[in-house]
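Down below is the structure, laid out as structure tokens.
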Amino acid sequence: MFVRKFSLRDFRSWDAVTVEPGPGITLFLGPNGHGKTNLLEALGYLATLSSHRVGADAPLIRAGAQAAQIGATVVNDSRELSIDVEINDGKANRARMNSSPLRRPREILGVLRGVLFAPEDLSLVRGDPGDRRRFLDELLSSRIPRMAAVRADYDKVLRQRSALLKTAGGALRRGTRSSDGASALATLDVWDGHLAMHGAELLAARMRLVAELGPHVAESYARIAPESRPASIAYRSSLGASMPEELTDPGHQWIREDVELLEASFLNELAQARPREIDRGVCLVGPHRDDLELRLGDQPAKGFASHGESWSFALSLRLAAFELLRSDGTDPVLMLDDVFAELDRKRRRALATVAADAEQVLITAAVTEDVPEELNATRFAIEAVDRPEGRISTFR
Ligand SMILES: Nc1ncnc2c1ncn2[C@@H]1O[C@H](COP(=O)(O)OP(=O)(O)OP(=O)(O)O)[C@@H](O)[C@H]1O
């Protein structure tokens, strides 16, 4: 797969630009802060509907503008598809495919499959579980676009159920069964059912993903840091003792009934956790509480891995995602945001080997010396110029 053309309007520091990168390697060069990462961030947004740098959409809209637009024409197996997204300030975003409006932006997921590796990825190793859950869910939605809807449904139920837990908890603490509290308790069972249904589907998909990703992570890490200890990953579920043990075996062959089994286990764990949940007013069980455990040898990477090991692990996770998407039959677009300067010679070479072989690679760097020579690239020089409307990025 490759992006034949992409256009931005009022995205970050870009007012209007169209880029035709072509397959192979493209290098975006320019001084710090001149708008290189903004280009990859925009493509990353088309691939995942989120930024790898910020949680909210507002900073993506150019200062002074009302909306940002990102569009791309993607070539996959000689078939072209165009997608575009309008990011709005204060109202819902909109998306189109081949110029036809879509009901929901998430319907474009899966069209552009990309793997973006950036300095922020250190948080995959050192950050909160939420960063790792996001990594898994974005990869899931890229491989199985329907999973974005499952995640959205789960989140919706989670919000409703959490609100109910607070109402129920408040009523019980006051010692009176106000009508609000009583009806909250009565309807919790129904919400438990919804949460377990969507949650089991998400959980099963994540567990299968981790089982498939594991060997790729171990292999990538061994290639990047052969002198280090072996790297492994495991899914840590909040179902605790209710989790059926056979499902945790990475070699387990999943069948439809396994999801039903997970759903029953989920309900069981919810029943046990209910007094604690009502007491604390939060939902303590489910995929929103889970983590992807990263280990080096027999130690957790978080808190134990050195800076270099953490970088290698983060890179291995992204390379594993790349290999997994590739094994599905399509090379994803590989985006490397200012990462070579952070890597030592050996790790640069390992990354360069993968990049040299990918269908399309988009790289940002401050200077050409940062990029390994073997990545012979088409180059675009970027600079920011001061205009009455602000500092705007352009191609030199
Ligand atoms: N919403 C926005 N509106 C206007 N300009 C913005 C907006 N968000 C960010 N910028 C500008 O974009 C620039 C940063 O761009 P970017 O992160 O792409 O830099 P870069 O070239 O990748 O730099 P580095 O090499 O340091 O990573 C900054 O000058 C910042 O002020």
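Read the numbers this way: they start at 1 and go in the same order the structure lists the ligands and their atoms. Residue indices begin at 1 and follow the sequence shown.
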Worksheet item: Who's the nearest protein heavy-atom neighbour of atom 15 (O) of ligand 1, and how far?
Response: Asn38 ND2, 3.1 Å
Worksheet item: Under a 4.0 Å N-O cut-off, is there an ion pair linking Arg347 with Glu342?
Response: no
Worksheet item: In terms of atom number and element, which parts of ligand 1 are under 4.0 angstrom from non-hydrogen atoms of Pro31?
Response: 21 (O)
Discussion item. Tell me the protein heavy atom at minimum distance from atom 3 (N) of ligand 1, and give that distance in Å.
Written reply: Ala63 N, 2.9 Å
Item to complete: Search all heavy atoms of Arg126 against all heavy atoms of Lys302 and return the closest pair with its distance.
Response: O-CE, 3.4 Å
Discussion item. So, regarding Ile61 and ligand 1 (criterion: nitrogen or oxygen to nitrogen or oxygen, under 3.5 Å), is there a contact or not?
Written reply: yes
Worksheet item: Any non-hydrogen atom of Gly64 lying under 4.0 Å from ligand 1?
Response: no
Fill in: Test item: Lys36 side-chain N/O and Pro31 main-chain N/O as donor-acceptor pair under 3.5 Å
yes
Worksheet item: Does ligand 1 have an atom that lies less than 4.0 angstrom from a heavy atom of Gly35?
Response: yes
Practice prompt. Write out the residue and atom name of the closest protein heavy atom to atom 11 (C) of ligand 1, then the distance separating them to 0.1 Å.
Written response: Ser13 CB, 3.9 Å
Worksheet entry | Which segment of Arg53 sits under 4.0 Å of ligand 1 when only heavy atoms are counted | side chain
Worksheet item: Any donor and acceptor pair, going by atom type alone, linking the side chain of Glu359 with main-chain N or O of Asp331 inside 3.5 Å?
Response: no
Discussion item. Check contact between Gly33 and ligand 1, using heavy atoms of the residue and a distance below 4.0 angstrom.
Written reply: yes
Fill in: Stepwise side-chain hydrogen bond (donor to acceptor under 3.5 Å, both in side chains) test for Glu323 and Ser220
CA-CA 9 Å; Glu323 293 299 342; Ser220 296; over 6 Å; no
Fill in: Side-chain donor or acceptor of Arg132 paired with backbone N/O of Gly127 under 3.5 Å
yes
Worksheet item: Among all protein non-hydrogen atoms, which one is nearest to atom 8 (N) of ligand 1, and what is the separation to 0.1 Å?
Response: Arg12 CD, 3.1 Å
Discussion item. As a test of the contact definition, would atom 31 (O) of ligand 1 count as having a protein heavy-atom neighbour under 4.0 Å?
Written reply: no
Worksheet item: Atoms of ligand 1 less than 4.0 Å from Pro59 heavy atoms?
Response: 1 (N), 2 (C), 8 (N)
Discussion item. At less than 4.0 angstrom from any non-hydrogen atom of Asp338, what atoms of ligand 1 do you find?
Written reply: 25 (O), 27 (O)
Worksheet item: Does the side-chain contact (heavy atoms from CB on, under 4.5 Å) test come out yes or no for Leu140 and Val150, once each step is laid out?
Response: CA-CA 11 Å; Leu140 263 185; Val150 174; over 6 Å; no
Worksheet item: What is the nearest protein non-hydrogen atom to atom 22 (O) of ligand 1, stated with its residue, atom name and distance?
Response: Thr37 OG1, 2.5 Å
Worksheet item: Out of Glu389, Arg62, Lys36, whose heavy atom is nearest to atom 21 (O) of ligand 1?
Response: Lys36
Discussion item. Under 4.0 Å between a side-chain nitrogen and a carboxylate oxygen: does that hold for Arg208 and Glu212?
Written reply: no
Fill in: Sidechain-backbone polar pair: Arg318 side chain, Phe117 backbone, donor-acceptor under 3.5 Å
no
Worksheet item: Counting only non-hydrogen atoms of the protein, does one fall under 4.0 Å from atom 6 (C) of ligand 1?
Response: yes
Item to complete: Output yes when a side-chain donor or acceptor of Asp121 lies under 3.5 Å from a complementary backbone atom of Ala118, and no otherwise.
Response: yes
